[in-house]
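These notes concern the structure reproduced below.
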Amino acid sequence: MKEEEILQSEQSATAEKDAVDRAFGAENRNRLIDRYFDTSASDGITSTNAWQHVYRLLLWSDPTTGLAHCYESDKSQPGKPWYARSLAFHEWVCSELGTEPDALGHEIDWLFIRACTDLAEAMLRRESRLTEVAAEQRLPYQNRGFPEPGADPELAAIIQDALRPYLAQEPQEEIWRAVTQRVRQFLAVQNKRKNLVGEGFEDVLAQVVRRACDVHEASVRTRSLLYEIPGFNRARQGGKENKVDLAVIRPSMRTLVTAKWSVRADREKQFPTEYDEYINAESESRKFQYVFVTNEFDPARLMRACENLHRNSLMFDYVVHINTNAVRATYGDLSRVRDSAGSSRRRVIEHIDAGRLISLEQWLAALSDQ
DNA sequence: ATACCAGGGGCTACTAGGGG
DNA sequence: CCCCTAGTAGCCCCTGGTAT
C-alpha cells in the first residue's frame with residue numbers, strides 16, 4: 001500500500017472514530033495496533049517477520065543522536081562507548097528493514113507517532129476550556145505585572161543569541177512566549193514515550209503471538225490476574241493481586257511471560273518474587289513456563305536473565321530477545337576487545353550460540369509447536 | 001594519579017485507571 | 001469531578017574496578 005493510501009485510510013479511520021480521550025490508554029493502543037496490522041502488515045505475520053513489525057511499531061530514534069535507540073541515551077552520546085554500538089545497531093536495523101540511515105526515524109515508531117497525534121487532538125479539545133479557566137484564575141491579579149504563562153526568558157535568550165545576526169527586528173514578547181512554549185512541548189513529548197512503550201510492548205507481543213502462532217484470541221491475555229488463568233489459585237488473603245504481563249494459555253502448556261522492553265535493576269529483583277508467587281498459586285501440579293521477552297541490550301542484564309537460578313534450576317524457561325542478530329551486530333567484533341571490558345558481552349554471545357538466549361522468531365516457532 | 005568504563009541506585013516525568 | 005496509586009522506562013549521578 002502506498003503511503004498516501006495509508007494516510008488516507010488512517011485519516012478516515014480517525015474521522016469515523018469519535019474523539020479519543022486517553023491517547024495512550026489500552027483501548028486506543030489496541031485500536032492503533034489493529035490498524036497497523038490491517039494496513040501495513042496485511043501480507044501476514046510469521047514467526048520470521050514478527051520482529052520487523054515489533055520494531056516498526058515500537059522502536060524509535062533517539063532525538064539526541066538521531067540513531068535507533070538501543071541503550072540509555074546518556075551512555076549513547078558521541079564519544080562514549082555506546083555511541084559506536086548505537087551506530088552499529090542503526091546500520092543493522094536500516095539494512096534489515098531496507099531503509100536509508102537518514103530515513104529510519106519515519107519508518108519506525110509507528111505506535112508512538114500515531115498516539116501523539118491523538119494526544120495532540122485531545123489536548124487541543126481541552127485547551128479552550130483551560131484558557132477560559134486560566135483567565136478567570138488570573139482575574140484577581142490583573143494589571144499587577146504577574147508573569148505570563150509560558151514565558152521562559154532564559155530559553156528565549158539562548159535562541160536570540162544564536163539567531164541575532166539573522167534577526168531583522170526584535171520579536172515581540174508573545175512570539176517568544178509561543179516559541180518557548182512550543183520548544184517545551186516538543187521536548188516534553190519524548191518523556192511521554194515510556195508510558196506507551198511499557199504496556200504497548202505487551203499489547204504488540206500479544207497480537208504477534210495471536211497472528212503468527214494462530215492462537216485463539218482468548219488464549220492470549222495481557223495483564224491478566226493470576227487467578228484468572230486456569231490452574232492458578234487466588235493468592236492468600238492480604239497479598240495484593242498479581243498481574244501477569246502476558247499469558248498464553250493452551251491445553252498443552254500455560255506460558256507466563258514477563259515482557260520488558262528494557263530492564264531496570266529494581267524490576268529485575270521482582271522476577272524471583274513473582275515466580276515464587278506463580279509457583280505457590282499453581283494448583284494443577286502441571287508444568288508451566290516462565291518466559292522473559294525483552295529488547296534489552298545491556299550485557300549484564302541479559303547475562304543475569306540467562307543465568308539466574310531459582311532453587312538451583314534456571315528461573316526462565318526461555319530468555320527471548322526481539323532479535324539476537326541485532327545484539328550480535330551491536331556488540332560487534334569482540335575478538336580484539338580486551339577481556340575484562342568485553343567479558344559480559346562475550347558471555348551474552350555465548351548464550352546466543354548455545355541457544356539459551358533466543359530470538360523472538362525461535363520462541364514463536366517453539367510456541368507453534370506446542 | 002588519572003581517565004575511562006560498566007554497572008547500578010534513586011529519582012523524575014508521565015499516564016491510566018480506580019475510588020471517593 | 002478530583003485525588004491518589006501503581007506502574008512504565010529514561011535520566012542523572014555515583015561507585016568501584018581497571019588500564020595507562
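Keep in mind the model is a prediction, meaning the values are calculated, not measured. Per chain, numbering begins at 1; letters A, B, ... match sequence-line order.
The separation between A/R223 atom CZ and C/dT8 atom C1' is 11 Å, rounded to whole Å. Note: OH (A/Y71) to P (B/dC5) measures 13 Å, nearest angstrom. As a whole-Å value, the separation of A/F297 CZ from B/dG7 P is 15 Å. Atom P of nucleotide C/dC11 and atom CH2 of A/W82 are separated by 14 Å, given to the nearest angstrom. Regarding A/F201, its CZ atom lies at a distance of 22 Å from the P atom of B/dT15, rounded to whole Å. As rounded to whole Å, 16 Å separates atom P of B/dA6 from atom CZ of A/R347. Rounded to whole angstrom, the span from the CD atom of A/E268 across to the C1' atom of B/dG7 amounts to 11 Å. Between A/E72 atom CD and C/dA9 atom P there is a gap of 11 Å when expressed in whole angstrom units.
Within the 4.0 Å cut-off from OP1 or OP2 of B/dA6, at least one side-chain nitrogen or oxygen of A/R85 is found. Contact annotation: A/S344 reaches the phosphate of B/dG7 (side-chain N/O to OP1 or OP2, under 4.0 Å). Considering only side-chain N and O atoms, A/R304 lies under 4.0 angstrom from the phosphate OP1 or OP2 of B/dG8. The side chain of A/S73 contributes an N or O atom lying less than 4.0 Å from OP1 or OP2 of C/dC11. Contact annotation: A/K260 reaches the phosphate of C/dT8 (side-chain N/O to OP1 or OP2, under 4.0 Å). Remark: A/R22 is in phosphate contact with B/dG17, judged by side-chain N or O atoms under 4.0 Å from OP1 or OP2. Side-chain N/O atoms of A/H69 include none lying less than 4.0 angstrom from OP1 or OP2 on C/dA9.
In the set B/dG17, C/dC13, B/dT15, C/dC13 carries the atom at the smallest distance from any side-chain atom of A/D74. The side chain of A/F24 has B/dT15 as its nearest neighbour among B/dT15, B/dG8, C/dA9. The A/K192 side chain lies nearest to B/dC14 when the options are C/dA9, B/dC14, B/dG7.
A/F316 has its ring centre less than 6.0 Å from the ring centre of A/F271.
Ring geometry, A/W92 versus A/F89: the interplanar angle falls under 30°, so the pair is classed parallel (tilted spans 30 to 60°). Ring pair A/F288/A/F232 is perpendicular by interplanar angle, where above 60° counts as perpendicular and below 30° as parallel.
A/R29 comes within 4.0 angstrom of nothing in the nucleic acid, heavy atoms only.
For A/K75 and A/W60, each mapped to the nucleotide of DNA chain C holding its nearest heavy atom, the one lying further toward the 5' end belongs to A/W60. Where A/G79 and A/G25 meet DNA chain B, the nucleotide closest to each residue was compared, and A/G79 sits on the side nearer the 5' end.
A/L205 pairs in a side chain to side chain contact (heavy atoms under 4.5 Å, CB included) with only one of the listed residues (A/L360, A/T222, A/D245, A/V248), which is A/L360.
Within the structure, the salt bridge (Lys or Arg N to Asp or Glu O under 4.0 Å) test picks out no pair touching residues 168-179 of chain A (sequence neighbours left out).
Between the A/R346 side chain and the A/L334 main chain, a donor and an acceptor come within less than 3.5 Å of each other.
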